[in-house]
Amino acid sequence: MSSYSPPKPLYSTSLDSRLDPLVDTPLEEPLTGPLIASLGKAEGQQIWLIFAAAAFLVSVPVFVQAPLVRLFPWISFISTAGWLWLSVRLRQQPTLALWGDLLLGFSWTWLAGAVYWGWFRWEPLIHLPIEAMGLPFAVVGLLQGRNRIGHWFYLGSLFGTIMTDVYFYLVNLIPYWRQLMQVEPSLASTVLRNAVSQVQTPWGIGCAVGLIGVLLVVGLVPLRSPQLHWWAFGGAVLSTLLVDGLFWLGAAVV
């Protein structure tokens, strides 16, 4: 028994225990400062890959799932099982375990998107409750110290969704949301133009500036840490700016 040593974990969300003292290191440039240089080339690349993957996975439901779910809601819903299966398989492989972890969090966002946009998209008031359906699992998992990358990615994605919905309420865009979900496609451009005119008011612009500020702070501060789950969270939050920006750009040119 004296020679027994516990098995090593599949991966470490902090890259390595030797990096723990660096977590609270103050940085002048969190994204490109001395922290990343101190990690080594391979570890630094891993951090950036997690960040990029988190940002990409937030955009997938918007640009891929949205058109799919309107035409084939059941296919989108059932495919959640495929994402979960792939997550389990990846987590069983030491070299791919962290990607399976990230995919677990993505599965919750995909499931919520399938349910809401497939059957309830006409009612904005229940958007956030449905998007938060994975919240209890994420909280329990984090309390147990499991799948931190995936769970923090999900929380980052949910936070971005909350901020966007808050903006819709503050600027009174909810009526346009309902109209857009009910009108014929040929009339959608009119609804979008009316919504854009609402955004271009002083109040709308001011709220947008506030929203951007909150997302930047909440998204950038976690990047001061070398822990992978914080980069998954930050990537999910910051990608909300890109997704919302592209959405409003598209609405403005319709």
Side-chain angles (χ1 to χ4, degrees), residues 31 51-70 76 105-106 108-118 120-132 134-135 152-181 188-223 231-254:
L31 296 177
F51 177 83
F56 172 75
L57 289 177
V58 167
S59 66
V60 168
V62 177
F63 299 110
V64 177
Q65 187 184 32
L68 172 66
V69 77
R70 291 179 71 99
S76 181
F106 171 73
W108 290 120
T109 63
W110 182 274
L111 175 62
V115 172
Y116 179 77
W117 296 107
F120 301 100
R121 60 182 178 269
W122 297 275
E123 184 44 69
L125 295 179
I126 61 174
H127 180 226
L128 286 180
I130 292 178
E131 289 288 344
L135 185 59
W152 277 109
F153 164 80
Y154 169 76
L155 292 178
S157 177
L158 180 61
F159 180 82
T161 300
I162 291 173
M163 290 295 98
T164 302
D165 278 28
V166 166
Y167 181 80
F168 269 70
Y169 283 103
L170 289 175
V171 187
N172 195 29
L173 295 175
I174 297 300
Y176 301 105
W177 182 331
R178 289 196 177 99
Q179 292 176 32
L180 192 61
M181 295 299 109
S189 59
T190 301
V191 177
L192 288 173
R193 282 195 296 269
N194 292 335
V196 170
S197 66
Q198 189 85 352
V199 172
Q200 292 175 339
T201 62
W203 173 250
I205 294 173
C207 289
V209 172
L211 171 69
I212 292 171
V214 171
L215 289 173
L216 284 174
V217 171
V218 175
L220 288 175
V221 168
L223 305 188
W231 283 72
F233 176 84
V237 172
L238 292 176
S239 65
T240 303
L241 292 170
L242 175 63
V243 172
D244 288 353
L246 291 175
F247 174 79
W248 288 116
L249 180 62
V253 299
V254 170

Inter-residue atom distance [X].[atom1] - [Y].[atom2], 0.5 Å rounding:
X: L125; Y: I174; atom1: CG; atom2: CD1; value: 7.0 Å
X: R70; Y: M181; atom1: CZ; atom2: CE; value: 5.5 Å
X: L215; Y: L241; atom1: CG; atom2: CG; value: 4.5 Å
X: Y167; Y: L173; atom1: OH; atom2: CG; value: 6.5 Å
X: L155; Y: F233; atom1: CG; atom2: CZ; value: 7.0 Å
X: L57; Y: W110; atom1: CG; atom2: CH2; value: 10.5 Å

Task: Aromatic ring pairing W177/H127, orientation class (parallel under 30°, perpendicular over 60°, tilted between) - done: perpendicular

Open item on the list: Ring-plane angle category for F51 and W231, please: parallel below 30°, perpendicular beyond 60°, tilted otherwise.
Closed with: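 Aromatic pair F51/W231 classed perpendicular.
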
TODO: Measure across A54 and A236 and return the closest heavy-atom pair with its distance rounded to 0.1 Å.
DONE: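 Answer, listing the atom of A54 first, then A236: CB-N, 4.0 Å.
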
TODO: Measure across V243 and V58 and return the closest heavy-atom pair with its distance rounded to 0.1 Å.
DONE: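 Closest approach of V243 to V58: CG2-CG1, 4.4 Å.
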
- [ ] Flag the pair T164 / T240 as yes when at least one side-chain heavy-atom distance between them is below 4.5 Å, and no otherwise.
- [x] yes

TODO: Sequence neighbours left out, what passes side chain to side chain donor-acceptor pair (under 3.5 Å) with Q200? Give chain and number order.
DONE: none

Task: Which residues share a side chain to side chain donor-acceptor pair (under 3.5 Å) with R178, sequence neighbours left out - done: E123

- [ ] Taking atom types as modelled, find out whether Q65 and S76 have a side-chain donor-acceptor pair closer than 3.5 angstrom.
- [x]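 Side chains of Q65 and S76: pair found under 3.5 Å.
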
Task: Of all pairs that satisfy salt bridge (Lys or Arg N to Asp or Glu O under 4.0 Å), the ones with a partner from residues 158-175, not counting sequence neighbours - done: none

Open item on the list: Using the side chain to side chain contact (heavy atoms under 4.5 Å, CB included) definition, which of the options T190, L192, N194 pairs with L180?
Closed with: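 Answer to the side chain to side chain contact (heavy atoms under 4.5 Å, CB included) test with L180 among T190, L192, N194: L192.
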
